[in-house]
Amino acid sequence: MQNRRPLIQAALCAAIAWAAFPASAQQTITLKAADVHPPGYPNVVAIENLGKKLETATNGHIKLQMFPGGVLGGEKEMVEQTQVGAISIARISLGVLGPVVPDVNVFNMPFVFRDEAHMRKVIDGPIGDELLAKITASPARLVALGWMDSGSRSLYTKKTPVRTPADLKGQKIRMMGNPLFVDTMNAMGGNGISMGHPEVYGALQTGIIDGAENNPPTLYTSNQYTVVKYYTQTNHLIIPEIFVMSKIVWDKLSKDEQALVKKFSREAQMEQRVLWDKSVAEYTAKLKAAGIEFINVDTKPFYDATAPVREKYGAQFAGLMKRIADVK
Ligand code: BDP
């Protein structure tokens, strides 16, 4: 008898799942997910797995189709398409959400987190939950599902290596589309130019810009490493990624389905992190093997130079910034 228990349990679970999601009575919902990163990138994999779990748990009622590699546009366009329901789930950097939901800029400020471990503790805890809730409650028509890791962003340049802020003088450096980042680069000594991720490779190649800033997996998988030479480890931005669902799509889901999406989103957040750590190690090694020169710098002059940015954008978040700093 004992051997049959797992079978009976499985049958019962299936029956309950069937009752909760009678596929025959409902049309299949296909969630359209988008990411600027290519297939195999940790974020893409974690969202695909979220989709597989949803499909299994809803007896095929909900499916997910991934559109990777920026085929649906850059992240600004992705946000807009998600707001109108053309994209169901967008995995984006929190950076580009700043102009839409200004509250998130508290995480977008230079050197706001001490290190990546600090950032993870903050996004996993009450402050992370509060910010997700603020996005959902904002007029942006987005439901914030979860966070992802994007490590630290550092500078890379084509011709002139950067060792101090003075080396950035006259260099045009691409930043993500948010005035806060242009201000950050200008404060660091360069000329910040905002541009969408899909355009950066071409802009570097043709010399419209002299450099950009990002983490090692993005530098490698976007092929930008083939047109730059120096990677200066300033770690000036530690910005979490986020994945959001269109409110229009969210409202079509039942309460049970919404709960499943939330549950699997938290699992995706944790799964991506494991994949992320592996990919940073893998792509750092690949960049070094490809001849990119990694430059270790004293980050203090960059931290000091960006103090006015923290003052300008942080004034409205003073209480929250203190709570972030107090997370040990
Ligand atoms: C990468 C983020 C991606 C951004 C990109 C960028 O994962 O979401 O679009 O940077 O710089 O690190 O635009």
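Each ligand, and each atom within it, is numbered from 1 in the order the structure gives.
Compare Glu75, Arg174, Met78 by their heavy atoms: the one nearest to atom 13 (O) of ligand 1 is in Arg174.
Remark: Lys158 NZ is packed, more than 12 non-hydrogen atoms of other residues, nucleotides or ligands lying under 6.0 Å away. Other residues, nucleotides and ligands contribute more than 12 heavy atoms inside 6.0 Å of the CZ atom of Phe67.
Panel note: side chain Ser154, backbone Thr234; a donor-acceptor pair is recorded below 3.5 Å.
Counting heavy atoms under 4.0 Å from ligand 1, residue Val96 does not touch it at all. For Ser150, every heavy-atom contact with ligand 1 shorter than 4.0 Å involves the side chain, none the backbone.
Near Glu241, meaning under 4.0 Å from one of its heavy atoms, ligand 1 places the atoms 2 (C), 7 (O), 8 (O). Every atom of ligand 1 is numbered from 1 in the order shown, and the set under 4.0 Å from a heavy atom of Ser93 is 8 (O). Close approach of ligand 1 to His37 (heavy-atom distance below 4.0 Å) involves ligand atoms 1 (C), 2 (C), 3 (C), 7 (O). Of all atoms in ligand 1, numbered sequentially from 1 with element shown, those under 4.0 Å from a heavy atom of Met176 are 6 (C), 11 (O), 13 (O). Residue Thr218 approaches ligand 1 through these ligand atoms, each under 4.0 Å from one of its heavy atoms: 1 (C), 12 (O). Taking every heavy atom of Val36 and a limit of under 4.0 angstrom, the matching atoms of ligand 1 come to 9 (O).
A salt bridge links Glu130 and Arg323; the closest N-O separation between the charged side-chain nitrogens and carboxylate oxygens is under 4.0 Å.
A side-chain donor-acceptor contact under 3.5 Å links Asp124 and Gln269. Between Glu55 and His61, the side chains place no donor N or O within less than 3.5 Å of an acceptor N or O (distance only, hydrogens not considered).
Checking Gln272, Glu267, Arg273 one by one against Met270, the side chain to side chain contact (heavy atoms under 4.5 Å, CB included) holds for a single residue, Arg273.
In this structure, Trp276 and Tyr41 have tilted ring planes: the angle between them lies in the 30° to 60° band.
Met176 CE to Leu237 CG: the interatomic distance, rounded to the nearest 0.5 Å, is 7.0 Å.
Residue contacts with ligand 1: Asn43 is placed with no nitrogen or oxygen under 3.5 Å of a nitrogen or oxygen of the ligand (distance criterion only). Considering backbone and side-chain N/O atoms, Tyr41 never comes within less than 3.5 Å of an N/O atom of ligand 1.
Heavy atoms of Glu213 come nearer than 4.0 angstrom to ligand 1 in no pair at all.
For atom 12 (O) of ligand 1, the nearest non-hydrogen atom of the protein is Asn214 OD1, 2.6 Å.
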